[in-house]
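Inspection log for the structure reproduced underneath, given as structure tokens.
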Amino acid sequence: MSKTIVFKFGGASVKDAKSIENLFNILFNRLRNRTLIVISAMGKTTNGLEEILRLKLNGDLTSSNSAKIKDFHLGICREIFPPESMIFSIIENLFMQMDRDLDKPLTQENYDAYYDQIVSYGELLSSRILQEYLCFKGIFCIWQDAREIISTNSNYRFAEVDWDKTKNLCLKHLGSKLEQYPVVTQGFIGADPKGKTTTLGREGSDFTAAILAFCLNAQSVTIWKDVDGVRNADPKRFSDTVKFEELDYREAAELAFYGASVIHPKTIKPLANLFIPLYVKSFLSPEAVGTKICQVSEPMHIPCTVVKDNQILVSFRVTDFTFIAESHIHRVYEVLKKLKLKVNMLQVSAISISIVIDMEMFALDQLISTLQNDFSVKYNDALQLITVKNQNADLVEALLKGKEALLEQVTRSTFQFVHKP
């Protein structure tokens, strides 16, 4: 029996009618039975849904924003489907469901759970449209609700996978289907034990592809993006970047951890555990080689630069003339875990702890209010974190030129600094 191959398409690959037609052309010569297609929300839909939540939380009207997202999806469908297609009623029904969900009260206390219920509609819409379009073009395939196969806990917005249950659900719901037809499902979303929708973290569709590949012991995963592979820096920010033909699992995982946007941080581990290769290819140049992430014998020495925007530097200073102890660090991390905040950089001095974190709604205020009785707290926001892996002195000097580093850190192989751009 042949093994499953997993294709994952990001939002840029389905941002308009021409993009969907291009996606069909990519799949036409590659689809076979035991093909699983994971799809993200179309274009900037997730951003639009997050804006609706922001407006609702502030007590503003959201109907016009919801109508814009609906018109966006219907407009694409009018270009690629005949008027009698059932996709139009499917979209209408999904927006009716979303409007009912938006009628419920939203507060800071229930924001995370509310977020997951609303933002998940982006993937539900895109996967429905793609599945219907493939069928319309003569490739019969099955739509699969990811919430039936991805089982998680109730840690909303950053749900953790129940691997054993998910594997059993994949075998139950996907095994026989994949033997007969390709299957289209959603990235980013799952369900908790009560059946309530959860999400796996922003840009989590890559992780979905890895989860399903692991549970099905897949042959390979291919992530289709608007870049030609993994490079040693973002070509939109830096010139003369280098594309990797092959990249070791460990190197890829570290780059993702530091913030390389080409791969979600959690994607690598489940694939590496089963030695499942991950291909990063361009939907703009589908015949190009791309990058293969696999087990590589030779370590990489090429410097890699990763930039993260919207960072916050927070410093906790002890106030009772004691030195920083393990208990102080434990206290800070205890609160960070509760607030679901990941530390991108950490530095400890004799009397202070400094961390760099992503900007998250409500999180900074809650972090300060929780710890202000234990520490004197100061912060700087709207910062940029730059990480250089396999660093060398010339590159570091060039990156620092003209910038005031608020915090910097050097290890044997990595240099990090945070500054105000």
Evaluate the side-chain proximity of [Y] to [X]: yes if any heavy-atom separation is below 4.5 Å, no if none is.
X    : Y    : value
N232 : F244 : yes
T35  : V183 : no
I268 : L278 : yes
F214 : L271 : no
L216 : L174 : yes
M361 : L57  : yes
I386 : V306 : no
R34  : K3   : no

Charged tip of [X] within 45° of [Y] ring normal and under 6.0 Å:
X    : Y    : result
K338 : Y333 : no
K196 : Y156 : yes
K340 : F158 : no

Locate the shortest heavy-atom distance separating [X] from [Y]; write the atom from each residue and the value.
X    : Y    : result
F238 : A233 : CD1-CB, 3.7 Å
D192 : N153 : CB-O, 3.6 Å
L74  : I91  : CD2-CG2, 3.8 Å
W163 : I211 : CH2-CG1, 3.7 Å
P193 : T152 : CD-O, 3.3 Å
E334 : R331 : OE1-NH1, 3.1 Å

- Task: Begin with the C-alpha distance, continue with both residues' side-chain angles, and end with the deciding distance and a verdict on side chain to side chain donor-acceptor pair (under 3.5 Å) for S354 and S315.
- Result: CA-CA 4 Å; S354 295; S315 295; 3.0 Å; yes
May I have all residue pairs that pass side-chain hydrogen bond (donor to acceptor under 3.5 Å, both in side chains) and include part of [range], sequence neighbours excluded?
range            : result
residues 412-421 : Q384-H419, T387-Q416
residues 212-225 : none
residues 256-268 : none
residues 394-410 : none

- For N390, what residues pass the side chain to side chain donor-acceptor pair (under 3.5 Å) criterion, not counting sequence neighbours?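 Per chain and number, N390 pairs via side chain to side chain donor-acceptor pair (under 3.5 Å) with no residue.
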Pairing of [X] and [Y] as salt bridge, 4.0 angstrom limit:
X    : Y    : answer
E254 : K389 : yes
K8   : D206 : yes
D358 : K308 : yes
D101 : K104 : yes
K70  : E92  : yes
D145 : R147 : yes

Would you say [atom1] of [X] has more than 12 non-hydrogen atoms from neighbouring residues, nucleotides or ligands within 6.0 angstrom?
X    : atom1 : result
F362 : CZ    : yes
R250 : CZ    : no
F24  : CZ    : yes
K243 : NZ    : yes
K281 : NZ    : yes
D71  : CG    : yes

Assess the side chains of [X] and [Y]: does a donor N or O sit below 3.5 Å from an acceptor N or O?
X    : Y    : result
E50  : Y115 : yes
N58  : K56  : no
D116 : T199 : yes
N65  : E51  : no

- Query: Does Q117 reach the main-chain N or O of A113 with its side chain, forming a donor-acceptor pair under 3.5 Å?
  - Reply: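 Yes.
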- Query: Do side-chain atoms of E123 reach the backbone of A41 as a donor and acceptor pair under 3.5 angstrom?
  - Reply: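 Answer holds: yes.
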Pairs of donor and acceptor atoms involving the side chains of residues 9-19, under 3.5 Å and at least two apart or interchain, shall be tabulated with distances.
unit_1: S13; atom_1: OG; unit_2: G10; atom_2: O; d: 2.5
unit_1: D16; atom_1: OD1; unit_2: K18; atom_2: N; d: 3.4
unit_1: D16; atom_1: OD1; unit_2: S19; atom_2: N; d: 2.8
unit_1: D16; atom_1: OD1; unit_2: S19; atom_2: OG; d: 2.7

- Check the pair C135 / C141 against side-chain contact (heavy atoms from CB on, under 4.5 Å), numbers first and verdict last. CA-CA 6 Å; C135 290; C141 55; 4.2 Å; yes
- Item | The single option from T45, I39, I20, I76 passing side-chain contact (heavy atoms from CB on, under 4.5 Å) against S126 |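 Going through the options one by one, the only one that passes is I39.
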- Task: Output all residues satisfying ring-ring contact (aromatic ring centres under 6.0 Å, His included) with Y133, sequence neighbours left out; order by chain, then residue number.
- Result: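 Per chain and number, Y133 pairs via ring-ring contact (aromatic ring centres under 6.0 Å, His included) with F81.
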- Please identify each residue that fulfils ring-ring contact (aromatic ring centres under 6.0 Å, His included) with Y181, with sequence neighbours left out. F140
- Please lay out, stage by stage, how M359 and Q311 fare under the test side-chain contact (heavy atoms from CB on, under 4.5 Å). CA-CA 6 Å; M359 178 64 195; Q311 299 294 289; over 6 Å; no
Holding to salt bridge (Lys or Arg N to Asp or Glu O under 4.0 Å), I want the full list of residues that pass it with [X], two or more places apart in sequence or in another chain.
X    : answer
D248 : none
E287 : R30
R157 : D112, E360

- Begin with the C-alpha distance, continue with both residues' side-chain angles, and end with the deciding distance and a verdict on side-chain contact (heavy atoms from CB on, under 4.5 Å) for F188 and S40. CA-CA 7 Å; F188 181 54; S40 297; over 6 Å; no
- Note on the structure: For residues 275-303, the ring pair (Phe, Tyr, Trp, His ring centres under 6.0 Å) pairs (sequence neighbours left out) are none
